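Let me begin by presenting the structure, written as structure tokens, before commenting on it.
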Amino acid sequence: MKSSTKIGGGPWNVDQELVTRARNGDITAFELLVVKYQRRVAAQIRGLVRRADVVEELTQEVFLDAYDHLNDLREGVAFWAWISAIARNTASGYLRRRQHRVDAKSEPGETQDDPGQLQFAASAEQEVIAQQLFAAIDEAIAELPAKQRDALMLREIDGLNYKAIAATVGTPVNTVRSLIYRARESIAKKVRPHLTATRARRW
Amino acid sequence: MVSEKMDNNELISAVLDGEVSPDELGSALAKLHNAREERDAVTVYQLIKDAVGGIRVLDDGYTVRILRRLAEHRAAGKSR
């Protein structure tokens, strides 16, 4: 989790501030946390329970649980580390309940997972959109000017913050912010046509 | 108008990276309250962030269903 420099103060953390605002009733702040982390939470749960048919339900449970217990998040603990622990507990709870049911009933259908169902349960339409979309993202990244691509990769692959990227590529921090924004917007322009069908189903 | 949209989207991009000041975050959240264009930027930029980071999954209603369930949960005043 990266921290930024607070104006006139020490380091602060955007996620922590979003949590503070959510605690004070700003639901948009919590919604932003959901948008930021829902894929990572779902991916984590998918890896643990390995059943596509329960991933969404459990992911919802994780965020409801997090919302109810925002006051339990201690200062200095990264939101991702905290919600990731909730996800692990939620997945473990599901697996324990499932094992109990299997032990009690010996349900044949409950004992084995279909390897073909280990991904998200996607419709044929979703599969086509996804293939085109991620191909468009790869293509758009390849077409980026080198400076934009380098800044974006240093951010997303190497996990560097803007200050570290600025030091690495030898440009001011504000330029890094602009390079990364322009990279994302260039990619976004290429992928938006593939997302028209799902716009009504996004935040 | 174009410049304002560019400024807003640059701000959103920096918010998703955790690279804004408290005042900028407050400004971004105010803009995101029921603002369709800015929310679209958030979802598309986050999709790109996740995809570049290796998580390649569409959000076909996933977030909306989480938020709908959260709204129902809040309306019911449930505490789990």
Side-chain angles (χ1 to χ4, degrees), chain A residues 1-7 12-15 17-18 21 26-32 34-36 38-40 42-43 56 59-60 63-65 67-68 120 122-123 126 129-130 133-134 137 141 152-153 155-157 161-162 177-178 180-181 184-185 187-188 191-192 195 198-199 201-203, chain B residues 5-7 9-26 28-36 38-74 78-80:
Chain A
M1 202 62 55
K2 300 292 175 289
S3 62
S4 302
T5 302
K6 183 177 181 176
I7 293 170
W12 79 297
N13 181 286
V14 163
D15 285 351
E17 180 64 18
L18 289 170
R21 288 171 186 256
D26 185 345
I27 192 63
T28 304
F30 190 76
E31 290 180 347
L32 188 53
V34 173
V35 174
K36 281 184 74 174
Q38 56 93 1
R39 281 192 196 85
R40 288 171 69 177
E56 180 164 354
T59 301
Q60 291 179 1
F63 282 104
L64 262 56
D65 207 14
Y67 182 80
D68 283 343
F120 265 111
S123 68
Q126 284 176 306
I129 291 172
L133 177 74
F134 295 119
I137 288 176
I141 291 170
L152 186 69
M153 292 298 124
R155 169 67 206 151
E156 304 297 7
I157 304 297
N161 63 23
Y162 286 5
R177 172 169 154 155
S178 175
I180 291 175
Y181 154 64
R184 288 192 181 125
E185 189 51 38
I187 299 167
V191 305
R192 279 197 177 98
L195 291 169
T198 62
R199 179 62 193 103
R201 301 192 289 274
R202 287 185 283 123
W203 190 48
Chain B
K5 183 183 170 187
M6 189 180 83
D7 289 347
N9 286 0
E10 183 171 332
L11 176 62
I12 285 164
S13 171
V15 166
L16 294 176
D17 287 336
E19 297 273 1
V20 290
S21 69
D23 285 347
E24 285 179 313
L25 180 61
L29 286 171
K31 289 184 173 82
L32 286 170
H33 187 69
N34 286 330
R36 192 175 167 85
E38 280 77 8
R39 287 185 174 206
D40 183 63
V42 169
T43 61
V44 174
Y45 290 174
Q46 187 62 49
L47 169 75
I48 294 166
K49 278 176 69 68
D50 288 333
V52 175
I55 303 177
R56 300 197 153 205
V57 182
L58 275 181
D59 175 7
D60 194 8
Y62 217 84
T63 299
V64 168
R65 289 192 291 275
I66 294 170
L67 298 180
R68 188 185 304 138
R69 190 160 165 201
L70 178 66
E72 290 166 1
H73 180 71
R74 292 173 65 233
K78 286 180 192 170
S79 184
R80 292 135 42 88

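A note on names: the letters A, B, ... follow the listed sequences, proteins ahead of strands, and every chain is numbered from 1. Everything quoted here is computed from the prediction, not taken from an experiment.
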Contact part of [X] toward chain B, heavy-atom cut-off under 4.5 Å: side chain, backbone, both or neither?
X: A/Ile187; result: both
X: A/Tyr67; result: side chain
X: A/Val35; result: both

Do you know which two heavy atoms are closest between A/Ala188 and B/Tyr45, and how far apart they sit?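 Closest heavy-atom pair between A/Ala188 and B/Tyr45: CB-CE2, 4.1 Å.
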Closest non-hydrogen atoms of A/Ile137 and B/Ala51, given as atom of the first, atom of the second and distance, are CD1-CB, 3.8 Å
Side chain to side chain, [X] and [Y], heavy atoms closer than 4.5 Å:
X: B/Gln46; Y: A/Arg39; result: yes
X: A/Arg202; Y: B/Val44; result: yes
X: B/Leu29; Y: A/Leu18; result: yes
X: B/Arg39; Y: A/Thr28; result: yes

Please lay out, stage by stage, how A/Val14 and B/Leu16 fare under the test side chain to side chain contact (heavy atoms under 4.5 Å, CB included). CA-CA 9 Å; A/Val14 163; B/Leu16 294 176; over 6 Å; no
For each of A/Asp26, A/Leu152, A/Leu133, tally heavy-atom pairs with chain B at distances under 4.5 Å, and name the one with the top tally.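 Counting heavy-atom pairs under 4.5 Å, the top option is A/Leu133.
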Just so I understand: if I count every heavy-atom pair under 4.5 Å between each of A/Val191, A/Ile141, A/Leu32 and chain B, which residue has the most?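 Of the candidates given, the most pairs with chain B belong to A/Leu32.
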Salt bridge or not between A/Arg177 and B/Asp17? Use side-chain N to carboxylate O under 4.0 Å. no
Looking at A/Arg40 and B/Asp50, does any basic side-chain N land under 4.0 Å from a carboxylate oxygen? no
Could you please spell out the steps behind the side chain to side chain contact (heavy atoms under 4.5 Å, CB included) verdict for A/Lys36 and B/Lys49? CA-CA 9 Å; A/Lys36 281 184 74 174; B/Lys49 278 176 69 68; 6.0 Å; no
Kindly determine whether B/His73 and A/Asp68 satisfy side chain to side chain contact (heavy atoms under 4.5 Å, CB included), including the steps that lead there. CA-CA 10 Å; B/His73 180 71; A/Asp68 283 343; 2.9 Å; yes
As an exercise, state the distance from [atom1] of [X] to [atom2] of [Y], rounded to the nearest 0.5 Å.
X: A/Ile27; Y: B/Arg74; atom1: CD1; atom2: CZ; result: 4.0 Å
X: B/Glu10; Y: A/Glu185; atom1: CD; atom2: CD; result: 11.0 Å
X: A/Trp203; Y: B/Thr63; atom1: CH2; atom2: OG1; result: 9.5 Å

Please answer whether the main-chain N or O of [Y] pairs with a side-chain N or O of [X] as donor and acceptor at a distance below 3.5 Å.
X: A/Arg184; Y: B/Ser13; value: yes
X: A/Glu156; Y: B/Val52; value: no
X: B/Tyr62; Y: A/Glu56; value: yes

Atom group of B/Leu47 that falls short of 4.5 Å from chain A, counting heavy atoms: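 Contact with chain A involves both backbone and side-chain atoms of B/Leu47.
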Can you say whether B/Leu67 sits under 4.5 Å from chain A via the side chain, the backbone, both, or neither, judging by heavy atoms? side chain
Top of B/Ala28, B/Gly26, B/Gly54 for chain A proximity - count of heavy-atom pairs under 4.5 angstrom: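 So the answer, after comparing B/Ala28, B/Gly26, B/Gly54, is B/Gly26.
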Side chain to side chain contact (heavy atoms under 4.5 Å, CB included) between B/Leu25 and A/Arg21: does it pass, once the steps are laid out? CA-CA 11 Å; B/Leu25 180 61; A/Arg21 288 171 186 256; 4.1 Å; yes
